[in-house]
Each structure stands twice: as C-alpha cells, then as structure tokens.
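Okay, structure first, notes after.
Quantities reported herein were computed from a predicted structural model and do not represent experimental measurements.
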Amino acid sequence: MNKKYISLLLLVLMAVFLTNFLNLTVEAKPVINITTNYYNVRGKTVSDIAKSLYNDSPIIYQGNKYHGYTSWNIRWNFNWYQYPNYCQITTVKTTVNVKYTLPKLITYASLSSPIKQKWDRYYQALINHEEGHKNFGVNSAHNIEKTILNMGKRNSCQLLEKDANIIGHNVIKSTIEQEKEYDRITNHGVTQGAIFP
C-alpha cells in the first residue's frame, strides 16, 4: 500500500468521523420520579382476599372501585436563543412525577402455596398494567421534548414560549385519550390478568 493511498484513506475516515460527530444530537431524557402508596389487604382464603381487595381499596373512579391506580404529571421547561430576526428553542427538559397506588397483602406469609401463586400471578399482572400507565406519561414527556425542540423558529420569543406551551398541553391531552383507550381495551387490566381470583 503506497503513502498516497494511505493518506487518502485517512482523509476519508476522518471525513466520515467528523460527519458522524457533527450530526450527533444529544437527546434529553425525562427525569422520572416514582412514589408508591400502598393500602393493606388481608385474608387467608381466596374469597377473603378478594373481599378485602374490594372493600379496602381507596381507588374509586366513576363510581367503580379498582385495585390499582397510576397518576402522572409532567413539568417542562425550555431555553431559547434570540437571533436578530427570530427566536428558536435550544434545549427542553421534562420531569415526570409518577404515583402508584397498589394493594399490599399483609397476610401473605401465612398463605398456602397455591394461594400465594394465585396472588403472585395477579399482582404481577396488576403491576404490568400500571407500568403501562406510567409509560404513557414517560412517552408523553419524550414527545413534548422532541416536538418543542423541533418546533422551528418564531418571530418573537413571546410567541415561541406561547406556542411551546400549547404544544406541551396538546401532547398531554392526546396522551390522556390514548390512556383511556388502553383502559378500555384491557378492561382496566382484567384482560391482562389483573383480576383476583
């Protein structure tokens, strides 16, 4: 291999590296804060546990009681740069606060193995369903970051701020509708196995 060929190869490799380096975009990730509140469930038989789940659950929505609940809210902030003739977003950051409300079977240690297995299957299905709700919030935060970051320029920073906040609220509204459909399709987790017994 001659020196001329090696030099050309090095130039090509350097050009590829620089192109890839310059095209890298740093994607912000939402900050996710999770808290879990438990309500106590008791019983030594399947029937008693099922009654306790219904009677002791604090979760009431549209007149119905549910075993688990997940709420989330999103805060966002952004920075912009004011050019001579326009204003443009430079960074966006979101925070998602997730709150789970779940049952805690305080008589678990005294249960027979078959009942423990029933509970474990049910509880894992309930967790999976509620994590689905959490994911709606996290995905919504990602969408807010991406959409605001790519919203383009505006003639004034005041208009930019107003439009960015409208975008954030519209993403949340759309996500809430998708989440309602998720509950409708899964029957609030029942079709995923979140039903006891």
Side-chain angles (χ1 to χ4, degrees), residues 20-41 56-62 64-83 86-104 123-194:
N20 288 335
F21 181 77
L22 293 173
N23 286 335
L24 281 177
T25 55
V26 178
E27 188 174 310
K29 291 185 179 178
V31 174
I32 304 168
N33 301 314
I34 297 176
T35 58
T36 306
N37 293 331
Y38 294 97
Y39 62 93
N40 289 338
V41 174
D56 298 324
S57 172
I59 306 159
I60 301 171
Y61 177 70
Q62 295 182 340
N64 296 312
K65 277 203 169 188
Y66 295 97
H67 298 175
Y69 183 73
T70 301
S71 64
W72 50 263
N73 65 64
I74 301 170
R75 289 180 291 126
W76 62 87
N77 57 58
F78 45 83
N79 295 310
W80 63 74
Y81 187 80
Q82 186 167 8
Y83 294 91
Y86 64 90
C87 203
Q88 190 164 17
I89 298 288
T90 55
T91 60
V92 184
K93 190 70 182 163
T94 58
T95 301
V96 186
N97 295 309
V98 179
K99 181 177 168 187
Y100 291 123
T101 303
L102 296 167
K104 184 175 191 176
Y123 197 72
Q124 188 56 58
L126 180 64
I127 293 292
N128 291 343
H129 177 76
E130 297 307 326
E131 283 183 349
H133 282 291
K134 177 203 79 174
N135 291 338
F136 277 102
V138 173
N139 291 338
S140 186
H142 277 293
N143 288 339
I144 287 169
E145 288 182 3
K146 189 167 112 181
T147 309
I148 290 177
L149 198 55
N150 294 315
M151 65 183 278
K153 46 185 99 163
R154 297 296 188 270
N155 291 334
S156 73
C157 294
Q158 185 178 5
L159 180 61
L160 185 82
E161 182 178 4
K162 180 184 172 189
D163 287 353
N165 285 322
I166 288 171
I167 285 169
H169 289 295
N170 285 341
V171 168
I172 288 175
K173 281 181 195 172
S174 173
T175 304
I176 288 170
E177 290 308 309
Q178 293 167 26
E179 199 172 9
K180 286 178 183 175
E181 183 65 6
Y182 169 70
D183 267 338
R184 188 190 69 76
I185 290 169
T186 64
N187 191 17
H188 296 272
V190 170
T191 64
Q192 297 167 296

Evaluate the salt bridge (charged side-chain N to carboxylate O under 4.0 Å, His left out) criterion for residues Lys134 and Glu131: first the C-alpha distance (whole Å), next the side-chain angles of each, then the deciding distance (0.1 Å), finally the verdict. CA-CA 5 Å; Lys134 177 203 79 174; Glu131 283 183 349; 5.4 Å; no

Stepwise side-chain hydrogen bond (donor to acceptor under 3.5 Å, both in side chains) test for Thr91 and Asn79: CA-CA 5 Å; Thr91 60; Asn79 295 310; 2.9 Å; yes

CD1 on Ile144 to CG on Asn165, rounded to 0.5 Å: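 The distance works out to 10.0 Å.
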
Value rounded to 0.5 Å, distance of OG1 in Thr191 from CD1 in Ile185: 8.5 Å

Just one of Glu177, His129, His188 clears the side chain to side chain donor-acceptor pair (under 3.5 Å) bar with Tyr182, so which one?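 One option only clears the test, and that one is His129.
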
Just wondering, do Cys157 and Glu161 contact through their side chains at under 4.5 Å, heavy atoms?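 When only atoms from C-beta onward are counted, Cys157 and Glu161 do not touch, as no gap falls below 4.5 Å.
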
May I ask you to test the Asp183-Lys180 pair for a side-chain heavy-atom distance under 4.5 Å?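 No, too far: nothing below the 4.5 Å cut-off.
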
Ring-plane angle category for His133 and Phe136, please: parallel below 30°, perpendicular beyond 60°, tilted otherwise. tilted

Is the [atom1] atom of [X] crowded by more than 12 outside heavy atoms at less than 6.0 Å?
X      : atom1 : result
Lys104 : NZ    : no
Tyr69  : OH    : no
Glu181 : CD    : yes

Short side-chain to backbone donor-acceptor contact, Tyr100 and Tyr38, under 3.5 Å: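 Such a contact is absent between Tyr100 side chain and Tyr38 backbone.
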
